[in-house]
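Have a look at the structure below, then the notes.
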4 protein chains.
Amino acid sequence: MTKLWGGRFGEGLDPFMASFNASIGFDARLWKADIKGSRAYATALCDAGILTVDEKDQIIQGLDRIFSEWTAGDFQLDPADEDIHTAIERRLHELIGPIAGKLHTGRSRNDQVATDLRLFLLETCDNLGNLINDLQLTFIQSAEQHIDLIMPGYTHLQPAQPVRFSHWLMSYFWMLQRDWSRMNDMKQRISVLPLGSGVLAGTPFTIDRFALAEQLGFRQISENSLDGVSDRDFVAEFLFWAAMVGIHLSRLSEDIILFSNPNLGFISLSDAFSTGSSLMPQKKNPDSFELARGKSGRLTGNLVSLLVTLKGLPSTYNKDLQEDKEPLFDTIDTLSVMLPVIQGALQSMIAHGDAMEAALNDFMLATDLADWLVQQGIPFRKSHSIVGQVVRAAEQRRCGLRDLSLVDLQAIHPAFEQDALTVWDFDRSVEQRSAPGGTARQAVAEQISRARALMGDDH
Amino acid sequence: MTKLWGGRFGEGLDPFMASFNASIGFDARLWKADIKGSRAYATALCDAGILTVDEKDQIIQGLDRIFSEWTAGDFQLDPADEDIHTAIERRLHELIGPIAGKLHTGRSRNDQVATDLRLFLLETCDNLGNLINDLQLTFIQSAEQHIDLIMPGYTHLQPAQPVRFSHWLMSYFWMLQRDWSRMNDMKQRISVLPLGSGVLAGTPFTIDRFALAEQLGFRQISENSLDGVSDRDFVAEFLFWAAMVGIHLSRLSEDIILFSNPNLGFISLSDAFSTGSSLMPQKKNPDSFELARGKSGRLTGNLVSLLVTLKGLPSTYNKDLQEDKEPLFDTIDTLSVMLPVIQGALQSMIAHGDAMEAALNDFMLATDLADWLVQQGIPFRKSHSIVGQVVRAAEQRRCGLRDLSLVDLQAIHPAFEQDALTVWDFDRSVEQRSAPGGTARQAVAEQISRARALMGDDH
Amino acid sequence: MTKLWGGRFGEGLDPFMASFNASIGFDARLWKADIKGSRAYATALCDAGILTVDEKDQIIQGLDRIFSEWTAGDFQLDPADEDIHTAIERRLHELIGPIAGKLHTGRSRNDQVATDLRLFLLETCDNLGNLINDLQLTFIQSAEQHIDLIMPGYTHLQPAQPVRFSHWLMSYFWMLQRDWSRMNDMKQRISVLPLGSGVLAGTPFTIDRFALAEQLGFRQISENSLDGVSDRDFVAEFLFWAAMVGIHLSRLSEDIILFSNPNLGFISLSDAFSTGSSLMPQKKNPDSFELARGKSGRLTGNLVSLLVTLKGLPSTYNKDLQEDKEPLFDTIDTLSVMLPVIQGALQSMIAHGDAMEAALNDFMLATDLADWLVQQGIPFRKSHSIVGQVVRAAEQRRCGLRDLSLVDLQAIHPAFEQDALTVWDFDRSVEQRSAPGGTARQAVAEQISRARALMGDDH
Amino acid sequence: MTKLWGGRFGEGLDPFMASFNASIGFDARLWKADIKGSRAYATALCDAGILTVDEKDQIIQGLDRIFSEWTAGDFQLDPADEDIHTAIERRLHELIGPIAGKLHTGRSRNDQVATDLRLFLLETCDNLGNLINDLQLTFIQSAEQHIDLIMPGYTHLQPAQPVRFSHWLMSYFWMLQRDWSRMNDMKQRISVLPLGSGVLAGTPFTIDRFALAEQLGFRQISENSLDGVSDRDFVAEFLFWAAMVGIHLSRLSEDIILFSNPNLGFISLSDAFSTGSSLMPQKKNPDSFELARGKSGRLTGNLVSLLVTLKGLPSTYNKDLQEDKEPLFDTIDTLSVMLPVIQGALQSMIAHGDAMEAALNDFMLATDLADWLVQQGIPFRKSHSIVGQVVRAAEQRRCGLRDLSLVDLQAIHPAFEQDALTVWDFDRSVEQRSAPGGTARQAVAEQISRARALMGDDH
């Protein structure tokens, strides 16, 4: 037996075409899902009266043996195996003879591969979910550890207001929490059984699709066979999910790379997550984060790949759909290394509170001065304008804001009093922002505590 | 008052820069959300003791007047209004004087615009959800109407097996149902209040963010102010959502365009959704579906736009984020016209059962013959091979499969009996696929009925 | 007259469909190209004997009058004008009567719009080329002005080696020079006349296409009518061209934004290209460059839009192609403002040599020390390793490299001599790199001089 | 020796990080370019007095031996080889000892990898250029062979006008000719030598970069070292180039897939480029073209990958740039198989002139009737409208256009005469379109002849 479909064909396949057509080079990794699906399908065929119990047992034993061969790394691919389904059926035939040929009854590779891919992706989601989880925990732990540190908060990369370093760390926890939430939602749509859709029109055998779904752990069955064999929304949704994770990590990486520039110097990476230069002996480069930032490119590119492939396809199965797997696998492999690297790099990173403190300056307290005026009843828009003049005055004198005396301030506006000078205190500024979500110590502590609770709850 | 931020600036803005910087040209459509947010914020400021009840009332009356001006189309933009927030605050100042300046207390445009955009998008989701709904209903109704028609089912655009036209119609219902499901999930993540995040560090005033969220209809508040002002995940998720809708409609369009080619001729579009040629008097073109197919490009492009913009941004607010709006608005506008056009075109489309029937041929029943052999106990893989030989025999004789006599068949394999010839029946073939999700009449009827139930339930 | 194609149609167009179908909202800007093309076509029809000289003159006078109306802003669109071609032909009919109906002889909107778009884009390229030119000149002038300044050169955003600020400026000149080169090449492929391709099969009239091409300034004619009406490669190539410009400007913007962070402080933007904060009185934000960086998103998105639209289209004209214009126009508009803004911001930017100097440190001279060892005959790989130990020694003592005495160095390797200490000199380091393309003063001066020569030559 | 940069580092690399960081898994294929570059660089170092002639000879002999090892498949990678440069230098050190350490003098991996990649890509362009060439020749040969066949020309996938099948074939020749033209232009920008840029600031040694460029076959040297080490425009341009090729082939594939649907049946693919179904014995699927169409997705995705990676990078080298290679290599590998598969499938494809003829119908001659009226002096717009009424009349009677008698026609418009009935002739229609680029036999023959000339000239 060579091809699963050779019966009516006169010539052999052109060798270039054979290699163009074959997917075994990348779909072999679906072996576990393929065997799992076939085991369940054998049972269903038996329940439907297509297989005797004995035939079913032979098939299952054969499949189990193939499973062991794959596990042990002993499975031998044949040059004619065009895909993982062919390879496993070919091997089953070698092991148990023609009965193997009954397994494909009412099943096409169209519903088979869709089932395999969903089984595989559900398991992948669990694995990636754990990695996301671990990374979230790292942010929590680091935030707990560094809750005392105050750093410049930037907008537009210009100094804005002082914030806790832990608050910055936690901002990434919440991005990942959204990724987690999106993954949970997505899993509902992955967990749909296409098996029983046949090639496109459904199955003429009395396969109990609900029992099959239950056995394989799917939450529901696909409701329309034409859609069942060609739905790749779940792959696209996964690729988008991963692209968003990539965007989040690209932003984290950008921050870390900036913070480790010596003119800021807020953090140092450990040598274990940095590399040097082949030319410059002094270099220590944040390669881990640069690669993570760079890899947001391929994660986005993989999403685009699939969307372009799907665009304008006629309904049901078209061979174009074979192009769903490589971007998917590349995205999975990318995240599977990227997440632990980021986690390790964060865990071993050292925060430099002194450098953060040195980067704070009074101008970051200008809003606090404006808020002080608001407390005196001056409309904010007016107080913003007054403090704007204060800032200009300091700039013109090339001094800090706190170097202006009360008299200087009163020359700009008479509402200033001695008490206004209490605003020149970074701790005070941070502690003022105590509403939920703010950067005050108590608000951050509560934020961490909610985060921990979420990790317990739904993770 | 010109800019909201001019206090410390010496020179005016370069005119090119002013136009580059201004967003009023596209963010004016957020006026309703902006006013709604400001109304709620005025109440929150009053509760926090920043505004007296009288001040709050003046502000709210002023905002209500501005609302009326927008509604009536009377609102006058000023050349110096750089964005919708500036425009409305400027007008409020004109209407009620310096008290207007109190409204921005503790609020920045960063948390304001994020709030506006979420309010706007929640309303948009409701509108688009209705359009999706309507289109789903059209598929259901058309499927009910045409349940008798049998057409060639294609895979690889080659004849595969006969299927009901209604089954094909319903396949698009389920794609849209996934879009609906994704939208529902997404709304949870849109419905998060950023207001109270200040510029990035939180608010120093005792704003009750939970009350604000409740008043504005948000399900939860953002948990971290740094993240709150720069989270655009919800926009990216929406753009992905829309791109998937676009991909679905591109596949539908491809089918329809093919089906209306006269060599297939399965359907005709009404003149109301077709156009002609400026040169060829006979032409009637399916422009509605071609445009829909083509517009999947911009829907995907808009998604890419935002992902590229977000990639590698330092955390918190950066001006780059202003680029979130135009792709979003373009996507919304595209879907808002595309969905009703598709719906109208489908409703007015005529199905030609005779052309569908004419396109059926016996070769599409080859699998039925193989299945018949399976029923005689021949393993499917063997029966597939036998029928492959039957097909070749017919091709060599240039005849249809049913033109082969029983003797011819038995010459290929002795298991063939008279009963085998009953498979040459398209109705029988379709009715065989009666498992859930299949194309048999009963299976399609149940599918429609589940679809109707879903429309009632969660829509 | 309403539509150009209504003859055989029974019903009117659905109103939603009419708005979905109409392109007048965006293709009106092709008016000048459309009139220009029609003027030339009238001449060609006259030469072919389709129009009398008098008819031709009437048509051209009519077109000239329409040109004046557009120029004066007086042209009145009719609600039924679905595109610019319809609008102009409708108006021509109003002005000169039924003879107007002869202009479309042998021409379809397919070859007409392709011609218009190419004419329009050729003119656009000239405009954008001038803007690129101006920006290049700004880099040259700024480099000339600041040739003395030495700044830290970064790789991986970590200090690497000192470089001239002017060398950094010139690096962007060369990126733009590649953009310029790509544009020149691209223009060859834009400058191809499709007119005379008819709707898809060519023209049955004796139109002299070569004469038409010459009259309209095209370098060649399209060689195949099927391809001629559906070739949008030139739009895709333009969109890629613009996306690359966007990527270059995004990198420039990233640098500028970093350099204007006060912890680096290498440059200050003028107020004319910065904005402030509605909440924080002290802020001065580099919005011009943030927007430029952000807009690389839409430039890339527009490219993707068109590629997705084109993907998988059947050959010749399909209505999907109408989707070529909006991404094109958006890209043109984006660059047309972005380039002058960047130029203005660069021209008015102030460079702070003192801050650059303050950011230099001895570790950036480590390679120079290794190179010194190489001069003593020590293989580079060995000298790199020796200097690695020198760096560690300094780090352990928390001192600069120059704080290590000769004795300290000799303790690490005996090859060090007094002369080695001459490497602690940033000027010397920069001046060492004097090979072409290097950062020595003379090399930069020659670079600038070659750049100026190029500006003269091929620009 | 393990890393090229280990000198100052205290800890080893985290194992996850090591695998994240390593590029040897994919950059090993640059071995030939790397050795070629190093050979030339050894000569340059010798000319600069850094190497003695004897040292240079040792290095070159060592490199030649390594070249032989790679050629023979004997080169042994070491687990510590992080990239191809490290691997080759490590091996050189094993072969010739410490002198190997002199080869990296003044060179960094930054300028080295940029040089390697350009050398590699220039060779790749030659290979792909040949494949493009071969495919173009196939179109020419097929067009010559089938010049007699007339098929329906479609616009909007609706019958438009009859065209020669050979004209359709040639339309793809011209798309590929543009790809060829773009490649030629692109090669100018690839052929630029970055070597001598050092890590970013240039080289302090007296390397003759022009001689290096000449020896390596580059047309020019990079003019700015900062740009030289980080310019990846040429990779992006290549990826765009390949994406356009992909778009062209996706359109071709769409046509072929449609044409091989049995309801059109214009062509049949050979079995050597088709596959069957695992379930349906009768199936013969155009997998070769479906895969080609689908792979336009990854070609576009790879382009997006790199653009996203490049977006917003600070200038000079950042580790993100390591992400340039995998999309590039995937794109090259994709095209390298796709082009010969398409070519083989086209060569072995059978054209069915009878099916094409059967698909022609009189309505496709409506424009000819309108053109006949134009010849009688009726303005085209009027004649278009008259023929629209003719079409409606035929549709209402459910007959063909030629079934209308002269009397019927005259009832619609009196200008019709007996001679008008000569338009009902597909050959005549095709032959009318004889202007350059049209579908008349002579015009197609001239087109083919120009194509052949181009193949000789500049290919």
Side-chain angles (χ1 to χ4, degrees), chain A residues 152 154-161 254 257-258 260-265 274-287 289-290 304 307-309 311-313 320 355 358-359 361-367 369-371 380-381 383-392 394-395 401, chain C residues 152 154-161 254 257-258 260-265 274-287 289-290 304 307-309 311-313 320 355 358-359 361-367 369-371 380-381 383-392 394-395 401:
Chain A
Y154 297 114
T155 58
H156 307 255
L157 217 62
Q158 291 294 314
Q161 294 175 347
E254 176 85 359
I257 292 165
L258 290 173
S260 58
N261 173 288
N263 273 47
L264 287 86
S274 307
T275 62
S277 159
S278 65
L279 186 63
M280 296 174 292
Q282 88 283 8
K283 281 308 275 312
K284 186 168 133 181
N285 297 324
D287 294 54
F289 289 97
E290 291 173 281
V304 170
L307 293 177
V308 175
T309 295
K311 180 258 174 172
L313 281 194
D320 317 52
N361 73 54
D362 304 352
F363 290 99
M364 304 174 70
L365 301 170
T367 316
L369 189 64
D371 289 342
F380 177 74
R381 192 55 67 213
S383 75
H384 180 281
S385 170
I386 294 166
V387 177
Q389 294 169 56
V390 172
V391 168
R392 285 188 92 176
E395 286 188 337
L401 288 180
Chain C
Y154 297 113
T155 59
H156 306 256
L157 217 61
Q158 292 293 315
Q161 295 175 347
E254 177 84 1
I257 293 165
L258 289 172
S260 59
N261 173 288
N263 274 47
L264 287 86
S274 309
T275 62
S277 161
S278 64
L279 186 62
M280 296 174 293
Q282 89 282 8
K283 282 308 274 313
K284 183 167 135 182
N285 297 323
D287 294 54
F289 290 97
E290 292 174 281
V304 171
L307 292 177
V308 175
T309 295
K311 181 257 174 172
L313 280 195
D320 316 54
N361 73 54
D362 306 352
F363 290 99
M364 303 173 70
L365 301 170
T367 315
L369 189 63
D371 289 343
F380 177 75
R381 192 55 66 215
S383 75
H384 180 281
S385 169
I386 293 166
V387 178
Q389 293 170 56
V390 173
V391 168
R392 284 188 90 175
E395 287 188 337
L401 287 180

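Lettering follows sequence order; numbering is per chain, from 1. Side chains included, hydrogens not; waters and symmetry mates left out as well; all remaining heavy atoms used.
Closest of all the heavy-atom pairs between C:Tyr154 and C:Leu264 is OH-CD2, 3.5 Å. Taking all atoms of both residues into account, the shortest heavy-atom contact from A:Ala366 to C:Gln282 is CB-OE1, 3.5 Å.
Ranked by heavy-atom pairs under 4.5 Å with chain A, the first of C:Leu365, C:Asn361, C:Asn263 is C:Asn263. Ranked by heavy-atom pairs under 4.5 Å with chain C, the list A:Ala160, A:Ala358, A:Pro152 is led by A:Ala160. Ranked by heavy-atom pairs under 4.5 Å with chain C, the list A:Ile386, A:Leu313, A:Asp287, A:Val304 is led by A:Asp287. Ranked by heavy-atom pairs shorter than 4.5 Å toward chain A, the options C:Gly312, C:Pro262, C:Pro159 are led by C:Pro159.
Contact annotation for A:Phe289: neither backbone nor side-chain heavy atoms come within less than 4.5 Å of a heavy atom of chain C. In this structure, the portions of A:Leu258 lying under 4.5 Å from any heavy atom of chain C include both its backbone and its side chain. Both the backbone and the side chain of C:Thr155 come within less than 4.5 Å of a heavy atom in chain A. Both the backbone and the side chain of A:Gln158 come within contact range of chain C, judged by heavy atoms closer than 4.5 Å.
With sequence neighbours excluded, no residue forms a side-chain hydrogen bond (donor to acceptor under 3.5 Å, both in side chains) with C:Ser260. When the side-chain hydrogen bond (donor to acceptor under 3.5 Å, both in side chains) test is applied to C:Thr367, the partners found at least two apart in sequence or on another chain are C:Gln161.
Side chain of A:His156 to backbone of C:Gly276: no donor-acceptor contact under 3.5 angstrom is found.
Between C:Val390 and C:Leu369, the closest side-chain pair of non-hydrogen atoms falls below 4.5 Å.
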